[in-house]
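Lettering of chains follows the sequences in order, A, B, ..., and the numbering in each one begins at 1.
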There are 2 protein chains.
Amino acid sequence: MVEGGPGEEFVSGISGHPFGPIQFTGERHSLSQVRLLAPMLPSKVVAIGKNYAEHAREMGGEVPGEPLMFIKPSTSVIGPQEAVAYPTGLSERVDFEGELAVVIGRLCREVPVERAHEVIFGYTCANDVTARDLQKKDVQFTRAKGFDTFCPLGPWIQTELDPADLGITTTVNGEVRQSSRTSKLMYDIPTLIAHVSAVMTLIPGDVILTGTPEGVGPLQIGDEVSVAIEGIGTLTNRVVSRD
Amino acid sequence: MVEGGPGEEFVSGISGHPFGPIQFTGERHSLSQVRLLAPMLPSKVVAIGKNYAEHAREMGGEVPGEPLMFIKPSTSVIGPQEAVAYPTGLSERVDFEGELAVVIGRLCREVPVERAHEVIFGYTCANDVTARDLQKKDVQFTRAKGFDTFCPLGPWIQTELDPADLGITTTVNGEVRQSSRTSKLMYDIPTLIAHVSAVMTLIPGDVILTGTPEGVGPLQIGDEVSVAIEGIGTLTNRVVSRD
């Protein structure tokens with residue numbers, strides 16, 4: 001568990017998994033002294049396409065008539081400060097996509113919109129890294145978005161948060177590239193949970209990515225990319241060549 | 001482990017997982033006395049689209065210039081004799097797609113074609129059940145192919161088999177609907193393993209579905225659908241309403 005004010009955060013160890021009542025181990029460290037891993041090991045990451053109108057437009061389309069889902073495999077997940085591996089030789093255009101991620105806390109299926117809040121464990125930042133050239137070529141998103149390291153998540157799970165209107169900003173080497181608010185989501189989080197869970201059972205630790213706002217653009221090897229969400233924190237990753 | 005001739009098969013219990021040297025528990029039962037579960041718990045099922053030319057044609061397209069991949073979530077997997085749940089109210093056209101499935105036995109990535117045989121644990125039958133109306137509507141295959149129970153696998157994993165030219169037959173209520181041979185795969189199994197593992201790490205138990213031949217068609221509630229592959233066995237499932 002991470003607590004404390006900016007620059008003075010400290011991390012308290014807990015035992016077991018975090019989806020039920022938690023127990024502290026008594027260990028405490030300054031946040032600057034620890035390396036955080038991805039805050040969960042999802043069985044699946046279900047992502048939603050074109051869920052901000054401005055991003056749908058920049059991609060040359062409209063917001064779909066229903067939430068459009070695709071899956072990123074568990075092998076694509078990395079944590080904060082881990083490296084995104086650029087698939088040199090397979091793609092020549094790899095984009096960042098900053099997103100709000102919802103972490104599921106309960107085994108559930110066919111969740112009604114009005115009970116969606118019961119299955120949410122918390123929220124974190126995500127980067128839905130995408131090989132844009134392969135996405136266009138394949139039409140199916142699976143390869144373009146499924147590479148190892150293409151799903152940075154973190155830096156932690158914020159469990160006390162109203163996600164309705166949070167600032168979300170993506171920066172590359174300190175320069176702002178995406179800046180929007182979660183209030184602009186076309187399909188809100190309860191709608192997404194109802195829609196996804198009508199198809200597939202969700203398991204504690206599974207993640208729903210809620211879509212990216214406008215401003216997506218390319219990453220280069222050596223870049224440092226950060227997704228910051230108000231009330232959560234900042235997820236930072238460096239891009240390296242995978243060779 | 002399942003051994004013995006037709007009608008006289010027996011099942012011997014093994015301890016631990018089957019991906020290394022196995023140990024027998026000493027338990028033995030007649031196959032007719034046991035209920036088989038799905039033969040693995042995959043972290044992901046990577047499926048290949050339009051990999052038989054005749055099926056690509058019946059879908060109104062051509063074989064893609066590269067293998068086309070998509071993912072079925074682990075929550076879609078069921079075993080032999082388990083029920084396929086028809087998502088009444090969400091789809092009005094649910095199709096069978098009989099396929100040869102490859103089971104991965106080793107943690108691997110970027111596997112060269114010539115070493116693909118080293119990472120194969122064995123082969124089983126699969127039914128890539130598809131809500132055809134949602135597949136057309138969404139373009140992305142994830143929802144259409146991702147429903148709970150839409151990935152029957154089994155009846156067991158055949159570890160000693162040359163998969164190059166096996167008869168594959170799908171029957172509905174005893175009537176033959178698909179009948180082809182794996183020699184007609186456009187991209188062969190080593191090519192598929194190389195292609196998929198160039199994108200994502202494969203984990204023991206992960207499954208690659210190699211695509212379906214021509215003859216796909218609809219299932220109705222109450223139907224019994226079987227996928228039989230020469231040298232492996234027969235995977236049979238019944239269709240029920242999920243309500």
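Ala131(A) does not touch chain B: none of its heavy atoms, backbone or side chain, sits under 4.5 Å away. Heavy-atom distances place both the backbone and the side chain of Thr201(B) under 4.5 Å from chain A. There is no contact between Leu134(B) and chain A, counting heavy-atom distances below 4.5 Å. Contacts of Leu202(A) with chain B are absent, with no heavy-atom separation under 4.5 Å from either backbone or side chain. Residue contact with chain A, scored on non-hydrogen atoms closer than 4.5 Å, is absent for Pro64(B).
At least one side-chain heavy atom of Ile71(A) sits under 4.5 Å from a side-chain heavy atom of Pro73(B). When side chains are defined from C-beta on, Gln140(B) counts as touching Phe141(A), because their heavy atoms get closer than 4.5 Å.
Residues Met200(B) and Asp148(A) approach most closely at CA-OD1, 3.3 Å, considering heavy atoms. When all heavy atoms are compared, the tightest approach of Leu68(B) to Asp138(A) is CD1-O, 3.5 Å.
Around the CD atom of Glu62(A), the shell of radius 6.0 Å holds no more than 12 heavy atoms that belong to other residues, nucleotides or ligands. Heavy-atom contacts from other residues, nucleotides or ligands closer than 6.0 Å to CD of Glu54(A) number more than 12. The number of heavy-atom neighbours closer than 6.0 Å to CD of Glu92(A), taken from other residues, nucleotides and ligands shown, is 12 or below.
Side-chain atoms of Ser74(B) and Lys44(A) form no donor-acceptor pair, as typed in the model, at a separation below 3.5 Å.
Asp206(A) contributes atom CG, which lies 7.5 Å from atom OG1 of Thr75(B) (distance to the nearest 0.5 angstrom).
Chain A forms the most heavy-atom pairs under 4.5 Å with one residue out of Phe70(B), Phe150(B), Phe147(B), and that residue is Phe147(B). Most heavy-atom pairs under 4.5 Å with chain B: of the set Glu110(A), Lys72(A), Arg109(A), His195(A), this distinction falls to Glu110(A).
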